[in-house]
Amino acid sequence: MKVTYDNDIKTEVLNDKKIVILGYGSQGYAHSNNLKDSDFDVTVGLRQGSGSFEKLRRSNMPGAAIEEALQDADLVMMLLPDEHQPTVYEQYVKPNLKAGASLGFAHGFNVHFEQINPRDDINVFMVAPKGPGHTVRSTYTEGSGVPCLVAIHQDVTGDTKQQAYAYASAIGGGRAGIIETTFKEETETDLFGEQAVLCGGTAALVQAGFETLVEAGYAPEMAYFECLHELKLIVDLMYEGGINTMRYSISNTAEYGDLTRGNRLVTKDTKAAMKDILQEIQNGQFAKEYVDDCRNDYQTLLQLRGAHAQHPIETVGEQLRGMMPWIKKKPLVDQTIN
Ligand code: NAD
Ligand code: MG
Ligand code: MG
């Protein structure tokens, strides 16, 4: 598989283009600020009266109401929540985007599951950073970046691929590596990763470990340090040198426990569940369930989010983090800014 870096990317293709970023959330904040710092012409499009206009002012970022921002736009990046993109596309983008312009996505969901059927006379591409928006910004300012996936869905002007690579490079992806894929492959692997391992799997594992210790009578503070706080230190080692480097760094005792106990937790049944989860993604069942919940005022999402926010691991964690002020010195997330 080919991995492309900045050296092999020409970004001039974006030089005279008016780039419009729709949304100023996790990814919108990062893309627009990275593009601006890479000297490209960028405007953020927001809903009339959006609270984010104040955030734009604070970071000195040009912005306008969506309709106005779309006038003369050459490249529009859809960085709204996936479930709101179809309406915004129909209402604003479809009638206003000029022919031959480019429409970009950071996730393949809407195009792959046909929630959006883009007009035939525009380019459609994807640049999907493989990391949270807050990290796309923090790594860029540190001189590194987050790896990106690039895909082309429609190419009417013949240079969509160059535009996509230039865009990925301008937000810092070319420092870490850019891989070409398809909307289908990105969508399915992204959903699987976040459900089975990164978010769903990890959060459930951390909570279950915490609960096991607390139920056995150990102090919640100890359980928090063992099952959540230390996870970052372990993941940092994996990030730097894979699972091997993590195992090199931990004690032989820890390594023996790891190698003999890990697969008692992640068993054949766990893998069977992973396969089911993957199948629900591939056959569209997950997408339908999610879209239905959004239309149902996020009943399931809000109920579960509320319940999990009350978990004792959150309360004890808040207290303990209060005693570690360095954690918040250079925060990835500052909700007043991004
Ligand atoms: P977000 O939820 O952080 O922010 C979206 C922004 O859109 C907010 O500023 C919000 O005010 C605005 N918005 C919400 N509803 C709107 C509406 N109806 N009309 C206009 N504006 C509206 O979104 P995000 O997490 O940055 O996700 C954006 C895209 O990036 C999605 O396609 C997502 O899958 C993709 N993505 C996100 C991440 C991530 O780290 N969050 C990672 C990779 C890809
Ligand atoms: Mg995702
Ligand atoms: Mg230990």
Side-chain angles (χ1 to χ4, degrees), residues 20-34 44-56 58-59 61 63-70 76-93 96 103-113 115-116 124-140 145-151 153 167-168 171-173 176 181 183 185-201 277 281 286-287 290-291 294-295 297-298 301 305 332-338:
V20 172
I21 305 294
L22 297 185
Y24 203 59
S26 181
Q27 291 290 335
Y29 174 86
H31 290 219
S32 55
N33 280 280
N34 292 4
V44 173
L46 296 176
R47 277 171 294 184
Q48 210 97 43
S50 160
S52 295
F53 276 108
E54 174 56 22
K55 292 185 180 176
L56 289 182
R58 243 179 261 154
S59 43
M61 174 65 64
I66 296 179
E67 247 174 312
E68 190 188 324
L70 286 172
V76 175
M77 191 69 177
M78 273 279 195
L79 298 178
L80 313 169
D82 294 306
E83 66 276 18
H84 292 302
Q85 293 179 10
T87 317
V88 171
Y89 174 78
E90 284 300 320
Q91 202 172 337
Y92 299 107
V93 179
N96 287 304
L103 179 63
F105 293 86
H107 180 31
F109 191 97
N110 282 306
V111 172
H112 176 61
F113 291 118
Q115 303 294 305
I116 294 178
V124 179
F125 71 86
M126 172 170 58
V127 171
K130 288 293 100 182
H134 298 92
T135 314
V136 174
R137 180 58 182 161
S138 66
T139 50
Y140 178 93
V146 166
C148 285
L149 301 182
V150 159
H153 179 69
Y167 186 100
I171 62 168
T181 180
F183 274 65
E185 187 178 49
E186 185 278 337
T187 305
E188 293 175 353
T189 55
D190 183 78
L191 293 173
F192 178 78
E194 64 203 19
Q195 293 175 20
V197 181
L198 306 173
C199 313
I277 286 172
I281 292 167
F286 171 78
Y290 178 58
V291 168
C294 298
R295 293 197 181 129
D297 300 325
Y298 301 99
L301 179 64
R305 181 189 287 167
L332 293 170
V333 178
D334 174 347
Q335 295 193 10
T336 62
I337 297 170
N338 52 2

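All ligand and atom numbering here is 1-based and tracks the order in the structure. When reading the values below, keep in mind they use all heavy atoms of this one structure, side chains included, and skip hydrogens, waters and symmetry mates.
- Residue S50 does not touch ligand 1, judged by heavy-atom distances below 4.0 Å.
- Distances from the Mg ion (ligand 2) to each N, O or S atom of D190 single out OD2 as the nearest.
- Looking at D82, its side chain never comes within 3.5 Å of a backbone N or O of N110 through a donor-acceptor pair.
- Listed by number with element, the atoms of ligand 1 under 4.0 Å from a non-hydrogen atom of A106 are 30 (O), 35 (C), 44 (C).
- Only the side chain of H84 comes within 4.0 Å of ligand 1, counting heavy atoms alone; its backbone N, CA, C and O stay farther away.
- For ligand 1 and Y24, the ligand atoms under 4.0 Å from any heavy atom of the residue are 6 (C), 9 (O).
- Within ligand 1, counting atoms from 1 as listed, the ones closer than 4.0 Å to a heavy atom of P132 are 40 (O).
- For the residues T187, N110, V44, L80, the heavy atom positioned nearest atom 29 (C) of ligand 1 is part of L80.
- In this structure, CZ on F183 lies 11.0 Å from CG on L149, to the nearest 0.5 angstrom.
- The closest non-hydrogen atom to atom 33 (C) of ligand 1, taken over D82, L149, V136, V146, comes from D82.
- Which parts of ligand 1 touch Q85 is read off a 4.0 Å heavy-atom cut-off, strictly below it: atoms 31 (C), 32 (O).
- Restricting E194 to its N/O/S atoms, the shortest distance to the Mg ion (ligand 2) is reached by OE1.
- When atom types are taken as modelled, the side chain of S59 and the backbone of M61 share no donor-acceptor pair closer than 3.5 angstrom.
- Rounding to the nearest 0.5 Å gives a distance of 7.0 Å between CD1 of I277 and CZ of F192.
- Close approach to P129 involves these atoms of ligand 1, each under 4.0 Å from a residue heavy atom: 43 (C).
- Comparing heavy-atom distances from atom 2 (O) of ligand 1 across P81, G23, G131 singles out P81 as nearest.
- By the 3.5 Å distance cut-off applied to N or O atoms, G133 is counted among the residues near ligand 1.
- Within ligand 1, counting atoms from 1 as listed, the ones closer than 4.0 Å to a heavy atom of V88 are 19 (N).
- Around atom 14 (C) of ligand 1, the closest heavy atom drawn from E194, K55, R47, E83 belongs to R47.
- Here is the list of ligand 1 atoms found below 4.0 Å of a heavy atom in H107: 32 (O), 34 (O).
- Each of the atoms 5 (C), 6 (C), 28 (C) of ligand 1 lies under 4.0 Å from some heavy atom of L79.
- Here I281 contributes atom CD1 and F109 contributes atom CZ; the two are 10.0 Å apart, rounded to the nearest 0.5 Å.
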